[in-house]
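Scroll down for the structure; my scribbles are underneath it.
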There are 2 protein chains.
Amino acid sequence: MSPRKRASEELTKEMILKEAQTQFEKKDFQNVSMRNIAKQLGCSHGAIYYHFKNKAELFYMIIEEHFSKLNALLDETTEGPENDETKLKNVFLRFIEFGLNHQSQYELMFMLRNKEVDSLSQQAANESYQKFAQAVQSLSSNQLTVADIWSIFIALHGFVSYYRGFVSHFEEAEAAAISHVNFIVSGVKSKPKL
Amino acid sequence: MSPRKRASEELTKEMILKEAQTQFEKKDFQNVSMRNIAKQLGCSHGAIYYHFKNKAELFYMIIEEHFSKLNALLDETTEGPENDETKLKNVFLRFIEFGLNHQSQYELMFMLRNKEVDSLSQQAANESYQKFAQAVQSLSSNQLTVADIWSIFIALHGFVSYYRGFVSHFEEAEAAAISHVNFIVSGVKSKPKL
DNA sequence: CTTTTAATTGACCACTGGTTAATTATAGTG
DNA sequence: CACTATAATTAACCAGTGGTCAATTAAAAG
């Protein structure tokens, strides 16, 4: 009554994570269930619990991965060959792009404050923010206070959290994103020069 | 096996709406259920369905009410006795205050794009936004484009959607809100005068 | 005092979802 | 080949959800 799969079809952590990611692209995280992940993988939902202690552990691995991705993205953009203002705009734009192209993950990373999100991911969020703040500081030739940079982040976050669910990919909101980024940058430029 | 309540204890639409509001203050809307509303009211959940067709109808009445409240708030602030710049800041601040003091309602009003929110409330959201845009336009002595005003709204929305769940009342974020509003206003002031 | 009428109950349905214990087939090992 | 560790299946449990409806009963109307 319980045939085991051939070795070639054996379930791996990676397969489960990948399928979860796939579902995250279509639904928000609340609607991604262990049972449905299993169904799509063609395995029983119980099997997943052999590889992951519980749902939280699975989801946590995913967001950890995405915090790394975001950090890498920020570094990469900051170290690019363009001039500082272009790079600053790119930091803003690529943050938005990241948020809109990984909406469910972004939600877990920056929008949930409930029990679902534990202190570990709060810490990861803070670290990513610090990276962001440092990038903005170093790319701007204006006097920006800590509060200014925070407001910039909030403004970008606002864009992502408004358009998420409304568009499914960054490109659909790209024009609006560029306009928003220009608004922010023009505000930054009004600050006194260093 | 089914005693009916005395007249003095009879259920009314208002009681149900009020209890739903109370629950909205503690939990986000996803976790407010017909069953729990009934439990707190000391009635059976079936009783609620005598007064409301379904959950959507109940929730919709609540957000309708809140769109009206927000509209009134915007009018009130715009028509105040202060000078334009103060009033502009107040419009921003009170929008944030509204969002943080009615978090679940704000979520339904401006954050949900799923099936849960129908086209009717989308329309109400647009109307409220138009009111906001007009207020900003009329209170600003600078040349603001449609895109600029949209960016301002997004920046405010960002504040609300970041702090919601993190603080439970506006006052807890008031200092940060003032700082954010000042950031926005200083950006506005860098635009050419009319 | 009797008949309406209106409000309420509670059982029921059909779901979704996480989690776990018992079970069994397979793969690797000696 | 036998044995064991492993990886999977199954079924059940538990807790919740929105929603429906016949039966009941309190209050209102006559």
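A note on names: the letters A, B, ... follow the listed sequences, proteins ahead of strands, and every chain is numbered from 1.
Regarding A:Leu11, its CG atom lies at a distance of 8 Å from the P atom of D:dT9, rounded to whole Å. Rounding to whole angstrom units, CD1 of residue B:Ile37 and P of D:dG16 are separated by 16 Å. Distance B:Asn31 CG to D:dA15 C1': 14 Å, rounded to the nearest Å. Counting to the nearest Å, the P atom of C:dT8 and the NZ atom of B:Lys13 are 12 Å from each other. Taking atom CD1 of B:Ile48 as the reference point, atom P of C:dT9 lies 10 Å away to the nearest angstrom. Note: CG (B:Leu41) to C1' (C:dT9) measures 15 Å, nearest angstrom. As rounded to whole Å, 14 Å separates atom C1' of C:dG17 from atom CG of A:Asn54. Atom pair B:Tyr60:OH and D:dG18:C1' shows a separation of 21 Å (rounding to whole Å applied).
Contacts classified as side chain to side chain donor-acceptor pair (under 3.5 Å) and involving residues 57-75 of chain B (residues at least two apart or in different chains) are given here: B:Asn71-B:Ser128, B:Asp75-B:Lys131. Screening residues 159-194 of chain B for ring-ring contact (aromatic ring centres under 6.0 Å, His included) gives A:Trp150-B:Tyr162, A:His157-B:Tyr162, B:Phe159-B:Tyr163, B:Phe159-B:His180 as the qualifying pairs, with residues at least two apart or on separate chains.
A centroid separation of less than 6.0 Å is found between the aromatic rings of B:Phe153 and B:Tyr129. Taking the ring centroids of B:Tyr106 and B:Phe24, they lie at or beyond the 6.0 Å cut-off.
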Measure all distances between protein nitrogen or oxygen atoms and nitrogen or oxygen atoms of nucleotides 13-16 of chain C, and list the pairs falling under 3.5 Å.
none

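OP1 or OP2 of D:dG19 sits under 4.0 Å from a side-chain N or O of B:Tyr49. Regarding contacts with the backbone of D:dA8, every side-chain N or O of A:Tyr50 stays at 4.0 angstrom or more from both OP1 and OP2. Look at B:His51 and you'll find a side-chain N or O under 4.0 angstrom from OP1 or OP2 of C:dT8.
Residues A:Tyr50 and A:Leu58 are members of separate hydrophobic clusters, defined by side-chain heavy-atom contacts under 4.5 angstrom among Ile, Leu, Val, Met, Phe, Trp and Tyr.
For A:His45, whose side chain is taken as the heavy atoms from C-beta onward, the closest listed nucleotide among D:dA12, C:dT9, C:dT8 is D:dA12. With D:dT20, C:dT9, C:dG18 as the candidates, the nucleotide lying closest to the side chain of B:Ser44 is C:dT9.
Between A:Glu85 and A:Lys189 a salt bridge is recorded (basic side-chain N to carboxylate O distance below 4.0 Å). By the 4.0 Å N-to-carboxylate-O rule, A:Arg94 lies close enough to A:Glu76 to be salt-bridged with it.
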